[in-house]
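To start, the structure under review is shown below, and the notes come after it.
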Amino acid sequence: MSIEVKNLSFSYEDNPILDDVSFCVKSGEFVGIAGPNGSGKSTLAKCLNGIFSPTKGEVFVDGISVKDRSKQWIIRQTVGLVFQNPDNQLVASVVEEDVAFGPENLGIPPSIIRERVQYALERVGLINERKRLVATLSGGQKQRVAIAGILAMRPKYIVLDEPTSMLDPVGRKEVLSTVLQLKEEGVGIVYITHHLEELVYADKIMLLYKGRIFKEGSARDILTDEDTLKKIGLDIPEIPALALRLKKFDVAFDNIPLTIEEMVNAILD
Ligand SMILES: Nc1ncnc2c1ncn2[C@@H]1O[C@H](COP(=O)(O)OP(=O)(O)OP(=O)(O)O)[C@@H](O)[C@H]1O
Ligand SMILES: [Mg+2]
């Protein structure tokens, strides 16, 4: 079971935005996508659940083409999308009502909705806030309510388009650890970000540049490749940047570390 993107091209009117993009996201896999402004990341996100239909090529969700309009609803439920600004995604004033909104629209019976709301709020660590007014939550909590709203639809994949860019560091950590936990539970994750340090736990990373995949590889391949990142205007994360500088002073590393823990272990070794 996977989202399979095959030679996907997409144009707005005559304006080509995505060009021959291919990749695959399996259950329980965390795929990171990074690229500079205007490289086509959000457009790609919207192609993954059929909001946009490929101009050329295909996107298959568990074998169903997103071009098949008769399967639109099942595809939208299977692939949930989380956007940048939680305020634009939340519709109800009370947390649990907001989370119930999606399943209510699917016509799911109330007893099952209650179970789903409970499940989703537990997953994002907000079960004790279920009666709170959305307006009183922090940015990170709001984004987690938005994720809970998606989870209540029981998606198999979640695509997050810069979900932390409007959040403070605490909110960022909350959202990221929620996403990593979902991966552990078998949800396929596509995580789009400018903050490359958020991708250290990705199973693979794709760099998007001018609508094409510029490079793809493991987190270590991509996040330590300073030259490639520089070429497309992205900043290497702090820990690998520090390691590469230390290397110039003859500090030896078997592997360039990505996290503080790896850095500490490498130095103490
Ligand atoms: N509705 C639209 N009609 C025409 N062109 C569009 C539309 N939306 C986006 N574009 C263009 O498509 C290109 C890719 O936009 P997209 O939003 O996918 O990039 P992005 O990588 O998500 O950028 P950002 O980092 O700023 O979010 C840009 O050149 C943009 O101007
Ligand atoms: Mg975008």
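Computed from a predicted structure; not experimentally measured. In listed order, ligands and their atoms are each counted from 1.
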Check: Under 4.0 Å between a Lys/Arg side-chain N and an Asp/Glu carboxylate O for Asp161 and Lys41?
Finding: no
Check: Hey, any chance Leu106 and Phe101 share a hydrophobic cluster, counting ILVMFWY side chains that come within less than 4.5 Å of each other, even indirectly?
Finding: no
Next item on the list: Let me see the working for Asp203 and Lys183 under salt bridge (charged side-chain N to carboxylate O under 4.0 Å, His left out), right down to the final yes or no.
Entry: CA-CA 10 Å; Asp203 296 304; Lys183 166 191 152 64; 2.8 Å; yes
Next item on the list: Indicate the ring-plane relationship of Phe52 and Phe10, choosing parallel, tilted or perpendicular according to the 30° and 60° boundaries.
Entry: parallel
Next item on the list: Mind listing the protein N/O/S atoms less than 2.8 Å away from the Mg ion (ligand 2)? Waters don't count.
Entry: Ser42 OG
Check [X] against [Y] and note the closest heavy-atom contact, atom names and distance.
{"X": "Ser53", "Y": "Arg69", "result": "CB-NH2, 3.7 Å"}
{"X": "Pro237", "Y": "Leu223", "result": "CD-O, 3.8 Å"}
{"X": "Ser11", "Y": "Pro16", "result": "OG-CA, 3.6 Å"}

Next item on the list: Mind jotting down which protein residues get a heavy-atom contact under 4.0 Å with ligand 1? Chain and number order, please.
Entry: Tyr12, Ile17, Pro36, Asn37, Gly38, Ser39, Gly40, Lys41, Ser42, Thr43, Glu162, His194
Check: With a 6.0 Å cut-off on ring centres, are Phe30 and Tyr201 close enough?
Finding: no
Check: Is there a side-chain contact between Arg154 and Arg116 (heavy atoms, below 4.5 Å)?
Finding: yes
